[in-house]
Amino acid sequence: MSVTHGKMGLSLTQEILSHLGLANKTAAWGTLGTLRTFLSFSVDKDVQRLLKAIAGQGVDCIAILDVLTNRSREQRQLISRAFHERTQQDLLKSLQAALSGNLERIVVALLQPAAHLDARELRKALKGSGSAEDVALEILATRTPPQLRECLSVYKHNFQVDAAEDIKSETRGILRDLLLALAKGGREAYTGIIDYNLAAQDVQALKQAEGPSTERMWVLIFTQRSPEHLIRVLNQYQRDTGHELEKTVRAHFHGAACVALLSLALVIRNTPLYFADKLHQALQETEPNYQVLMRILISRSETDLLSIRAEFRKKYGKSLYSSLQDAVKGDCRSALLALCRAEDL
């Protein structure tokens, strides 16, 4: 096949160039997270330090946060188990008794296994008011297949109901269909083989699926195809129509369905930017949305928070660290700054 003429040649060239960047190459550093495994980890020393921090006349919040925000989630679980073995007390309950407010909430989130935190947040989103298209889509669309399976398993165990049943009862229309499809975890795995024919078929299907009776096609393509394939679909759609697919979404969908599809498109295009936008929005509210800040900074601290920081700085002209310093007040400020880690100049 010739790659020197026509759109196919351009597509292949762009495909090759897109794989040359280092932004997503984590092997050299091991992670694009801000929080790494603490190399000098001593579970005994950490348990003793936490005991001292909560057993004295005054609670030593600095010591508590220094331990919990400088250990990986796996190490925090080891500390929690060792604390129970040595004291016959539950570390989480002991810290809850010693702390309050947002500081208590962030410590609880730090000590919970990731799947338990996700399940709790998903339940709150589905049973709360007006956050399903936001929080539920965030969790269902950005977790890896193993993470999602574990989250849904914990959800069923803790709340005695399948998340799918709550989705069916609490949402409707295309939003419900999108969330149900994402919860099934049926997205295709990327094989490394570029299927230009399927990409062209998907583009054509989306160009034709612009009426009220064609929503099923949007759900199918957005939730079943691999992110790598969908990037090609989005780019090809823009080349064919002269505008981004998001413009079509805004013209033909409304309300929660529109928000969900736009969010899903951004997750596909640039997941770190998706999270950067959410953090910026949380910081712009009259009172910062601490729940959003906690959830994102904790859940992404060991995966791609460095990339999120870079996208935040690039788009908003100010570092995430400085934005947190300026907006966040109270006891949990130090914890959020510790998770963010550093200034981006």
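Only this structure's heavy atoms are used, side chains among them; waters, hydrogens and symmetry mates stay out.
Counting only distance, with no hydrogens or angles, the side chain of Asp90 and the backbone of Lys93 share a donor-acceptor pair below 3.5 Å. Judged by distance alone, the side chain of Glu244 and the main-chain N or O of Gln238 form no donor-acceptor pair under 3.5 Å. Not one N or O on the side chain of Gln236 forms a donor-acceptor pair closer than 3.5 Å with the backbone of Ala200. Judged purely by atom type and a 3.5 angstrom limit, Gln88 uses its side chain to pair as donor or acceptor with the backbone of Glu85. Looking at Arg71, its side chain never comes within 3.5 Å of a backbone N or O of Phe41 through a donor-acceptor pair.
A salt bridge links Glu138 with Arg295: the closest approach of a Lys/Arg side-chain nitrogen to an acidic carboxylate oxygen falls below 4.0 angstrom. By the 4.0 Å N-to-carboxylate-O rule, Arg216 lies too far from Asp177 to be salt-bridged with it. The pair Arg269-Glu246 meets the salt-bridge criterion, with a side-chain N (NZ, NE, NH1 or NH2) lying under 4.0 Å from an Asp/Glu carboxylate O. Remark: Lys318 engages Asp326 in a salt bridge, criterion side-chain N to carboxylate O under 4.0 Å.
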Original post:
How far apart are the C-alpha atoms of Asp202 and Arg225, what are their side-chain angles, what is the distance that settles it, and do they pass the salt bridge (charged side-chain N to carboxylate O under 4.0 Å, His left out) test?
Top reply: CA-CA 10 Å; Asp202 286 346; Arg225 305 291 191 248; 2.7 Å; yes
**OP:** Could you give me the CA-CA distance, side-chain angles and deciding distance for Arg105 and Gln291, then say whether side-chain hydrogen bond (donor to acceptor under 3.5 Å, both in side chains) is met?
**Re:** CA-CA 9 Å; Arg105 291 164 63 194; Gln291 195 63 31; 2.3 Å; yes
**OP:** Output, in order, the C-alpha distance, side-chain angles, deciding distance and verdict of salt bridge (charged side-chain N to carboxylate O under 4.0 Å, His left out) for Arg49 and Asp66.
**Re:** CA-CA 10 Å; Arg49 191 175 182 195; Asp66 187 50; 2.6 Å; yes
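At a cut-off of 3.5 Å, with distance as the only test, no side-chain donor of Gln77 or Ser80 sits close to an acceptor on the other residue. In this model, a donor atom of one side chain and an acceptor atom of the other lie less than 3.5 Å apart for Tyr316 and Asp277. A donor and an acceptor atom, one from each side chain of Asn270 and Glu311, are located under 3.5 Å apart.
Taking the six-membered ring where tryptophan is involved, the planes of Trp218 and Phe222 are tilted, since the angle between them lies from 30° to 60°.
Screening Leu306, Thr34, Thr142 for a side chain to side chain contact (heavy atoms under 4.5 Å, CB included) involving Arg300 leaves a single residue, Thr142. Only one option out of Asp166, Leu152, Leu117 pairs with Leu122 in a side chain to side chain contact (heavy atoms under 4.5 Å, CB included); it is Leu152.
Counting heavy atoms from C-beta outward, Pro227 and Tyr190 have side chains that stay 4.5 Å or more apart.
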